[in-house]
Amino acid sequence: MELYQLKTFIKIAQTGNLTEAAAQLNTSQPAVSAHLKSLEKEVGFALFHRSSKGMTITEKGSQLIVEAQNILSSIDKFQLKVNELKENQVDHIRIGVNTEGHILRIAKLIKYISECLPVPI
């Protein structure tokens, strides 16, 4: 099961139409149809009733749509956390010296570096 299949499943449920779902997903109608077909093959049952007026979700599909939305929501939360961690990266600085620190004025260097770097949250 792939994320693009779940996104397609959700979009078809929202629109009730393969062509409109394809337009909103910026892909072709045959691709959307293939995504849905492969997802239905994987789960082993139809997710939509097809008619000339469009597509309506089946009862089993209705139960799965909530889970699909939860999965995509979890991925969004994961990506937000990744971005947050990228913004709050804390790197360590190691300074090696070959003589006593007070002679090299290491305290002043540490103070200067501390002032220049962002404060970790």
Side-chain angles (χ1 to χ4, degrees):
M1 192 170 308
E2 302 293 332
L3 292 177
Y4 66 84
Q5 292 172 321
L6 298 180
K7 289 178 185 179
T8 300
F9 171 47
I10 291 168
K11 193 56 70 177
I12 295 169
Q14 291 170 343
T15 63
N17 183 293
L18 287 176
T19 304
E20 193 174 332
Q24 290 184 20
L25 291 167
N26 297 317
T27 191
S28 68
Q29 185 273 332
V32 167
S33 183
H35 296 172
L36 178 59
K37 186 176 181 179
S38 63
L39 181 60
E40 287 180 327
K41 183 177 180 182
E42 192 165 337
V43 297
F45 50 82
L47 298 169
F48 294 95
H49 298 290
R50 292 151 174 87
S51 71
S52 58
K53 295 180 181 180
M55 302 178 73
T56 55
I57 197 162
T58 64
E59 186 173 326
K60 289 179 180 179
S62 292
Q63 293 177 35
L64 287 181
I65 196 83
V66 174
E67 297 303 323
Q69 290 167 331
N70 289 341
I71 290 167
L72 293 181
S73 176
S74 292
I75 289 172
D76 288 342
K77 288 177 188 175
F78 179 84
Q79 189 60 53
L80 286 172
K81 190 60 161 180
V82 167
N83 293 340
E84 179 185 313
L85 292 171
K86 280 183 182 178
E87 291 173 5
N88 295 325
Q89 282 185 335
V90 177
D91 291 325
H92 298 278
I93 297 175
R94 294 177 192 243
I95 301 172
V97 295
N98 60 358
T99 190
E100 292 184 36
H102 71 279
I103 295 173
L104 297 175
R105 300 183 192 157
I106 295 296
K108 284 185 179 183
L109 175 64
I110 292 171
K111 182 179 178 192
Y112 176 76
I113 291 172
S114 297
E115 291 169 353
C116 292
L117 296 176
V119 178
I121 298 174

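Fair warning: this is a prediction, and the values are worked out from it, not measured in the lab. Scope of the values below: all heavy atoms of this structure, side chains included, with no hydrogens, waters or symmetry mates.
In terms of heavy-atom proximity, F45 sits nearest to L64 at CZ-CD1, 3.6 Å. Closest of all the heavy-atom pairs between F9 and G61 is CZ-O, 3.4 Å. Scanning both residues, I57 and S62, for their nearest heavy atoms gives CG2-OG, 3.3 Å.
Ionic pairing of E115 and K108 is not present here: no N-O contact between side-chain nitrogen and carboxylate oxygen is shorter than 4.0 angstrom.
At most 12 non-hydrogen atoms from other residues, nucleotides or ligands lie less than 6.0 angstrom from CD of E59. Heavy-atom contacts from other residues, nucleotides or ligands closer than 6.0 Å to CZ of F78 number 12 or fewer.
Residues L85 and L80 do not share a hydrophobic cluster, clusters being chains of Ile/Leu/Val/Met/Phe/Trp/Tyr side chains in contact below 4.5 Å. Both I65 and F48 are assigned to one and the same hydrophobic cluster, defined by single-linkage of ILVMFWY side chains at heavy-atom distances under 4.5 Å.
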Stepwise side-chain contact (heavy atoms from CB on, under 4.5 Å) test for Q69 and L6: CA-CA 8 Å; Q69 290 167 331; L6 298 180; over 6 Å; no

side-chain contact (heavy atoms from CB on, under 4.5 Å) between K7 and L72, intermediate numbers included: CA-CA 8 Å; K7 289 178 185 179; L72 293 181; 3.7 Å; yes

side-chain contact (heavy atoms from CB on, under 4.5 Å) assessment of I71 paired with L3: CA-CA 9 Å; I71 290 167; L3 292 177; 4.2 Å; yes

Side chain to side chain donor-acceptor pair (under 3.5 Å) between Q63 and K60, intermediate numbers included: CA-CA 5 Å; Q63 293 177 35; K60 289 179 180 179; over 6 Å; no

Residue pair M55, S51: steps toward the side-chain contact (heavy atoms from CB on, under 4.5 Å) verdict: CA-CA 6 Å; M55 302 178 73; S51 71; over 6 Å; no

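With E40 contributing its side chain and L47 its backbone, the two residues share a donor-acceptor pair below 3.5 Å. Between the side chain of S74 and the backbone N or O of N70, at least one donor-acceptor pair lies under 3.5 Å. Without hydrogens or angle criteria, T8 side chain to L36 main chain gives no donor-acceptor distance under 3.5 Å. Under a 3.5 Å cut-off, the side chain of Q5 and the backbone N or O of E2 do form a donor-acceptor pair.
Atom CD of Q24 is separated from atom CD of Q14 by 7.5 Å, given to the nearest 0.5 angstrom. Residue I12 holds its CD1 atom at 7.5 Å from OG of S33, rounded to the nearest 0.5 Å. Once rounded to the nearest 0.5 Å, the distance linking CG of D76 with NZ of K81 reads 15.5 Å. With values rounded to the nearest 0.5 angstrom, T19 atom OG1 is found 5.0 Å from Q29 atom CD.
Using a 4.5 Å cut-off on side-chain heavy atoms (C-beta onward), V43 and M1 make contact.
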